[in-house]
Amino acid sequence: MTDSFGDVLREWRQLRRMSQMELGLSAGVSPRHVSFLETGRARPSRGMVLRLCDELEVPGSARNRWLTSAGLAPAYHSRAGDAPEMAPLSQAVDWMLSRHAPYPAMAVDRHWCLKAMNKPATAMFAATGLGAGDSLIDALLDNPALAAALENRAEVERLSLTRLRTELAHFGHDPVLERAVARLADRVAQQPGTAGDPMPAVIPARYRLGEAVLSFFTTITQFGATGDIAMSELRIEMFFPADDATRHAVQVLWGTATPGD
């Protein structure tokens, strides 16, 4: 059974913890009109649907659900990767990944599935068997090779749980992310508590690669202006060395330096 527009509006308003009064004032309509929309006594126009989506920070994929629940045509689509209009976006992804070498970089979708990796990332994860199409969430939970390579696995799991919860709040109801949060929360709950400890300036992940331990922190880049659902949800994750030893090791492994430099 398809949810009514009122159900969808109420779900997202409560997710964003806004009252009908707050949403009405923010969107420039009366709280009574918001109430009527939620009870079905009023029917929204396309402009009203998109305005409410803006105020509630609803992502593109979820906006289609808003529109269809109101009896309106979807506004956002997922195009084939080789579609001509996708070329500038695909080229931008390739450019960022390749130019980031010798440091690792990868592109992942909303469910943390690997879409692409540069050569250093491919080399770093080679022993784990991870490749395009694989889930980093599943790997973190179930891949013994990755578990052995991560020297601070417990810390990485805690950080990943925080990130997953933030992303779930952004995307709204998502069974894949909800299952991942539940499983990872169970794992983290068994770890010794460190909630009261001060947070360091850099929280790296430490990977053992042969005799070397590579310590990286990451940045995440997203497209800021695209109407394509898949590209709007794509994240470019770039690894940067957290210490001089890692910086030198990376240059030796995947750059131009030699061991004696």
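For this chain, numbers begin at 1 and follow the sequence in order.
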Does anything in residues 14-38 form a salt bridge (charged side-chain N to carboxylate O under 4.0 Å, His left out)? List the pairs, not counting sequence neighbours.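 Passing the test, one end in residues 14-38: R10-E38, R13-E38.
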Side-chain atoms of residues 89-98: list all donor-acceptor pairs with protein atoms under 3.5 Å, sequence neighbours left out, distances to 0.1 Å.
{"residue": "S90", "atom": "OG", "partner": "M86", "partner atom": "O", "Å": "3.3"}
{"residue": "S98", "atom": "OG", "partner": "D94", "partner atom": "O", "Å": "2.9"}
{"residue": "S98", "atom": "OG", "partner": "W95", "partner atom": "O", "Å": "3.3"}

Do D7 and R65 sit within salt-bridge range, that is, some charged N less than 4.0 Å from a carboxylate O?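 No, this pair does not count.
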Taking all heavy atoms of Q251 and all of P102, pick out the closest pair and write down the distance.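 So the two residues come closest at NE2-CG, 3.6 Å.
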Check S69 against D3 and note the closest heavy-atom contact, atom names and distance.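 Of all heavy-atom pairs spanning S69 and D3, the closest is CB-O, 3.5 Å.
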Supply the atom-to-atom distance [X] [atom1] to [Y] [atom2], rounded to the nearest 0.5 angstrom.
X: L25; Y: S19; atom1: CG; atom2: OG; value: 8.0 Å
X: H100; Y: T221; atom1: NE2; atom2: OG1; value: 9.0 Å
X: Y103; Y: M124; atom1: OH; atom2: CE; value: 13.0 Å
X: L23; Y: E55; atom1: CG; atom2: CD; value: 7.0 Å

What donor-acceptor contacts under 3.5 angstrom involve side-chain atoms of residues 228-236, with partners at least two apart or in another chain?
{"residue": "D228", "atom": "OD1", "partner": "R79", "partner atom": "N", "Å": "2.7"}
{"residue": "D228", "atom": "OD1", "partner": "R79", "partner atom": "NH1", "Å": "3.4"}
{"residue": "D228", "atom": "OD2", "partner": "A230", "partner atom": "N", "Å": "3.2"}
{"residue": "D228", "atom": "OD2", "partner": "M231", "partner atom": "N", "Å": "3.1"}
{"residue": "S232", "atom": "OG", "partner": "D228", "partner atom": "O", "Å": "3.4"}
{"residue": "S232", "atom": "OG", "partner": "I229", "partner atom": "O", "Å": "2.7"}
{"residue": "E233", "atom": "OE2", "partner": "S61", "partner atom": "OG", "Å": "2.9"}
{"residue": "E233", "atom": "OE2", "partner": "R110", "partner atom": "NH1", "Å": "3.0"}
{"residue": "R235", "atom": "NH1", "partner": "E233", "partner atom": "O", "Å": "2.9"}

Excluding sequence neighbours, so at least two apart, what forms salt bridge (Lys or Arg N to Asp or Glu O under 4.0 Å) with [X]?
X: E237; answer: R163
X: D109; answer: none
X: R183; answer: D142
X: D243; answer: none

Side chains of residues 207-215: which donor-acceptor partners sit under 3.5 Å, not counting sequence neighbours?
{"residue": "R208", "atom": "NE", "partner": "E151", "partner atom": "OE2", "Å": "2.9"}
{"residue": "R208", "atom": "NH2", "partner": "E151", "partner atom": "OE2", "Å": "2.9"}

ILVMFWY clustering at 4.5 Å (side-chain atoms), partners of F36: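 For F36, no cluster forms, as it stays isolated from other hydrophobic side chains.
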Can you list everything that forms a ring-ring contact (aromatic ring centres under 6.0 Å, His included) with F217? Sequence neighbours excluded, please.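 Expected list: F240.
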Applying the 4.5 Å side-chain criterion to the ILVMFWY set and letting contacts propagate, would [X] and [Y] be lumped into a single cluster?
X: V188; Y: I137; value: yes
X: M48; Y: L50; value: yes
X: V176; Y: L168; value: no

Within residues 149-185 or reaching into it, pairs that qualify as ring-ring contact (aromatic ring centres under 6.0 Å, His included) - sequence neighbours excluded: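 Matches after skipping sequence neighbours: none remain.
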Looking at residues at least two apart in the chain, or sitting in another chain, which of them share a side-chain hydrogen bond (donor to acceptor under 3.5 Å, both in side chains) with D244?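 Checked D244 against side-chain hydrogen bond (donor to acceptor under 3.5 Å, both in side chains); matches are R247.
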E178 CD: over 12 foreign heavy atoms closer than 6.0 Å: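 Check passes, neighbour count above 12.
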